[in-house]
Amino acid sequence: MNIVIVGLNHRTASVEIRERLAISDDRMGDALFRLTEDPTIEEGLILSTCNRVEVCAVVKDTHRGFEVIKKFLAASDAELTLETITPSLYIYSSSKAIEHLFRVASSLDSMIVGEPQILGQLKDAFDHAMLHKTTGIILNKAFKKAISVAKRVRTDTKIAESAVSISFAAVELAKKIFGNLKEKSVMLIGAGEMAELAARHFVGNGVNSITIANRSYDRAVRLAKTFNGLPIKFEEFEGELVKSDIVLCSAGAPHYLITREAVEKVIELRKNRPIFFIDISVPRNIDPKINDLDNVFLYDIDDLQHSVQTNMATRQKEALKAEEIIAEEITSFARWFKSLDAVPMIVALKDRAEAIRQSELEKMQSKFGDLTEMQRQALEGLTASIVNKLLHHPLTALKNEVHSKNGNMILETTRKLFDLEEILSRDKSEKKKN
């Protein structure tokens with residue numbers, strides 16, 4: 001039995017291929033059924049996000065399992081073939097598969113290291129598989145462990161603490177200036193993608209007052225609905241500055257929209273209450289001279305980019321600590337996983353020995369005829385003692401050596417030496433029925 005992962009992500013496949021292989025929530029149940037339909041797949045789970053599609057499975061035969069999963073992925077879209085997607089695929093098995101799973105859960109394999117979304121997506125994938133009963137003892141343990149590892153990484157490192165996007169960096173700077181943002185008002189001048197992302201971060205940090213000015217008033221209205229904000233005509237934004245604690249400008253005008261003279265009037269009307277300007281326009285739309293005014297703070301895109309680069313370097317350092325945590329957790333999981341093979345092997349070996357003992361006892365009793373109760377008990381005790389003494393060292397070695405680097409070899413040798421395949425297969429079949 002082995003754990004395998006077959007998948008592709010933003011580093012190995014184009015967005016066109018990722019889109020074709022992506023599996024929506026409403027199709028996930030059917031996809032899981034098709035995946036586990038093949039008898040090679042004992043347990044299966046599918047993680048599908050905008051940046052990755054991965055199948056994690058427990059298989060009887062590793063090579064066969066890889067082939068089954070590749071064909072499953074290729075069959076996801078009629079226009080794709082196995083030859084088309086194979087160059088984009090990565091495959092992992094055993095400890096490498098667990099390492100990959102833990103790194104994905106901890107966002108070390110993400111486009112942006114430390115991003116929080118992947119853990120939620122992984123939990124959703126696990127929930128889908130649990131709902132459709134396509135996981136069992138092994139994947140349940142693996143994914144619970146992966147979630148636990150990810151939480152430990154976030155607790156024990158600072159991998160998610162620093163902003164690594166322009167929009168989030170802007171919000172982080174605002175928090176440094178004002179502290180709590182819950183009572184602060186924000187104005188967006190321009191309503192492009194970066195402004196929208198910043199708005200999401202502001203709302204996520206407690207801001208509940210957002211005014212949006214845009215050259216396309218309809219776009220301002222649509223964005224305002226998203227954040228329960230107030231849309232205004234573009235030409236009206238200057239009159240609203242006095243009400244705004246934070247102003248993010250991404251208008252893309254060829255000249256300064258906000259001048260020093262205008263801000264001097266605003267700060268006077270605000271009775272010197274601080275105001276924070278963020279200019280992410282290129283060319284700049286806010287006169288840099290406003291930085292000379294008291295209680296006025298201005299950061300442009302270069303300032304933010306520098307902050308992002310510094311924070312990214314910090315995250316990379318924290319990622320090294322996270323890798324150490326993952327290495328430690330892999331060792332712990334590997335011990336548990338190997339023990340799964342040892343337990344049924346020990347039981348099978350005991351069953352084999354007991355079956356032989358009982359068979360030989362019956363032959364012996366038929367030769368001696370009727371035995372007294374004392375004789376029968378003495379014979380039972382003698383044969384049981386011989387079996388226990390013969391098995392003591394092999395069983396002790398199995399328990400102790402299963403976690404060593406030769407553990408798999410010892411298990412396989414035991415299976416062959418004592419001809420345990422039939423007993424192991426029978427026990428596995430009985431468990432499936434139950």
Side-chain angles (χ1 to χ4, degrees), residues 114 116 158 160-214 220 223-224 226-232 236-251 256-260 262-281 284-312 314-315:
K158 297 178 181 178
E161 288 188 7
S162 48
V164 290
S165 71
I166 294 295
S167 53
F168 191 31
V171 177
E172 289 293 288
L173 286 170
K175 287 167 68 176
K176 287 181 180 179
I177 292 170
F178 294 108
N180 195 328
L181 299 182
K182 287 186 178 179
E183 302 300 322
K184 304 305 174 185
S185 58
V186 172
M187 181 192 292
L188 304 180
I189 303 173
E193 182 179 354
M194 287 178 68
E196 181 176 351
L197 284 172
R200 292 188 187 282
H201 289 307
F202 277 123
V203 170
N205 281 273
V207 169
N208 53 29
S209 173
I210 295 184
T211 302
I212 302 169
N214 193 55
L223 196 59
T226 302
F227 302 109
N228 196 28
L230 172 68
I232 61 172
E236 296 174 358
F237 81 80
E238 196 168 313
E240 294 292 321
L241 287 176
V242 69
K243 302 176 186 176
S244 305
D245 300 302
I246 302 164
V247 179
L248 186 142
C249 186
S250 61
Y256 294 149
L257 294 174
I258 299 176
T259 63
R260 177 189 169 105
V263 176
E264 280 181 329
K265 294 176 183 176
V266 167
I267 203 70
E268 185 179 347
L269 291 170
R270 285 174 60 83
K271 298 180 180 179
N272 285 314
R273 282 184 295 118
I275 184 168
F276 177 35
F277 289 93
I278 309 155
D279 190 356
I280 57 176
S281 307
R284 291 176 294 180
N285 286 173
I286 301 178
D287 187 347
K289 291 179 181 177
I290 71 168
N291 245 336
D292 299 333
L293 300 173
D294 291 338
N295 294 312
V296 175
F297 304 88
L298 170 64
Y299 283 82
D300 62 25
I301 197 163
D302 285 346
D303 298 323
L304 296 174
Q305 190 63 53
H306 176 72
S307 176
V308 165
Q309 289 171 350
T310 301
N311 291 342
M312 186 64 81
T314 299
R315 283 201 179 189

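Here the structure is a predicted model, which means the values were calculated and not measured.
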Could you check if a side-chain atom of Val203 sits within less than 4.5 angstrom of a side-chain atom of Asn208, using non-hydrogen atoms only?
no

Separation between NE2 of His201 and CG of Leu181, rounded to the nearest 0.5 Å
13.0 Å

So that I can tick it off, tell me whether Glu172 and Lys175 are bridged by a salt bridge, with the cut-off set at under 4.0 angstrom between side-chain N and carboxylate O.
yes

Heavy-atom donor-acceptor pair, Ser185 side chain to Ser209 backbone, under 3.5 Å:
no

Measure across Cys249 and Leu257 and return the closest heavy-atom pair with its distance rounded to 0.1 Å.
SG-CD1, 4.4 Å

Can you pull the salt bridge (Lys or Arg N to Asp or Glu O under 4.0 Å) pairs that have at least one residue in residues 291-312, sequence neighbours excluded?
Arg260-Asp292, Arg284-Asp300

Minimum heavy-atom distance between Arg270 and Lys243, given as atom pair plus value:
NH1-C, 3.9 Å

Criterion side-chain contact (heavy atoms from CB on, under 4.5 Å) on Val207 and Phe227, from CA distance to verdict:
CA-CA 10 Å; Val207 169; Phe227 302 109; over 6 Å; no

With rounding to the nearest 0.5 angstrom, report the CG to CD distance, Leu293 to Glu264.
5.5 Å

So CD1 of Ile275 and CG of Leu241: to nearest 0.5 Å the spacing works out to 6.0 Å

Within a 6.0 Å radius of atom CD on Glu268, are there more than 12 heavy atoms belonging to other residues, nucleotides or ligands?
no

Mind checking the CZ-CD1 spacing from Phe202 to Ile246? Nearest 0.5 Å is all I need.
4.5 Å

Testing the basics here: between Ala170 and Leu248, what is the closest heavy-atom pair and its distance to 0.1 Å?
CB-CD1, 4.4 Å

Minimum-distance pair of heavy atoms, taken over all atoms of Asn285 and Ala251
OD1-CB, 3.5 Å

Tell me whether Glu238 at atom CD has more than 12 heavy atoms from other residues, nucleotides or ligands lying less than 6.0 Å away.
no

For Phe276, all residues meeting ring pair (Phe, Tyr, Trp, His ring centres under 6.0 Å), sequence neighbours excluded
Tyr299

Between Thr226 and Arg200, is any pair of side-chain heavy atoms under 4.5 Å apart?
yes

Taking atom CG of Leu188 and atom CD1 of Ile212, what is their separation to the nearest 0.5 Å?
5.0 Å

How would you list, by chain and number, every residue that makes a ring pair (Phe, Tyr, Trp, His ring centres under 6.0 Å) with Phe277, sequence neighbours excluded?
none

For residues Leu304 and Leu173, determine if any side-chain heavy atom of one lies less than 4.5 Å from a side-chain heavy atom of the other.
yes

Between the CD atom in Gln305 and the CD1 atom in Ile280, the distance rounded to the nearest 0.5 Å is 11.5 Å

Does the side-chain contact (heavy atoms from CB on, under 4.5 Å) test come out yes or no for Asp245 and Val186, once each step is laid out?
CA-CA 6 Å; Asp245 300 302; Val186 172; over 6 Å; no

What are the two closest heavy atoms between Ala191 and Leu223, and how far apart are they?
CB-CD2, 3.6 Å

Exercise: identify the closest heavy-atom pair between Ile286 and Asp279:
N-OD2, 2.8 Å

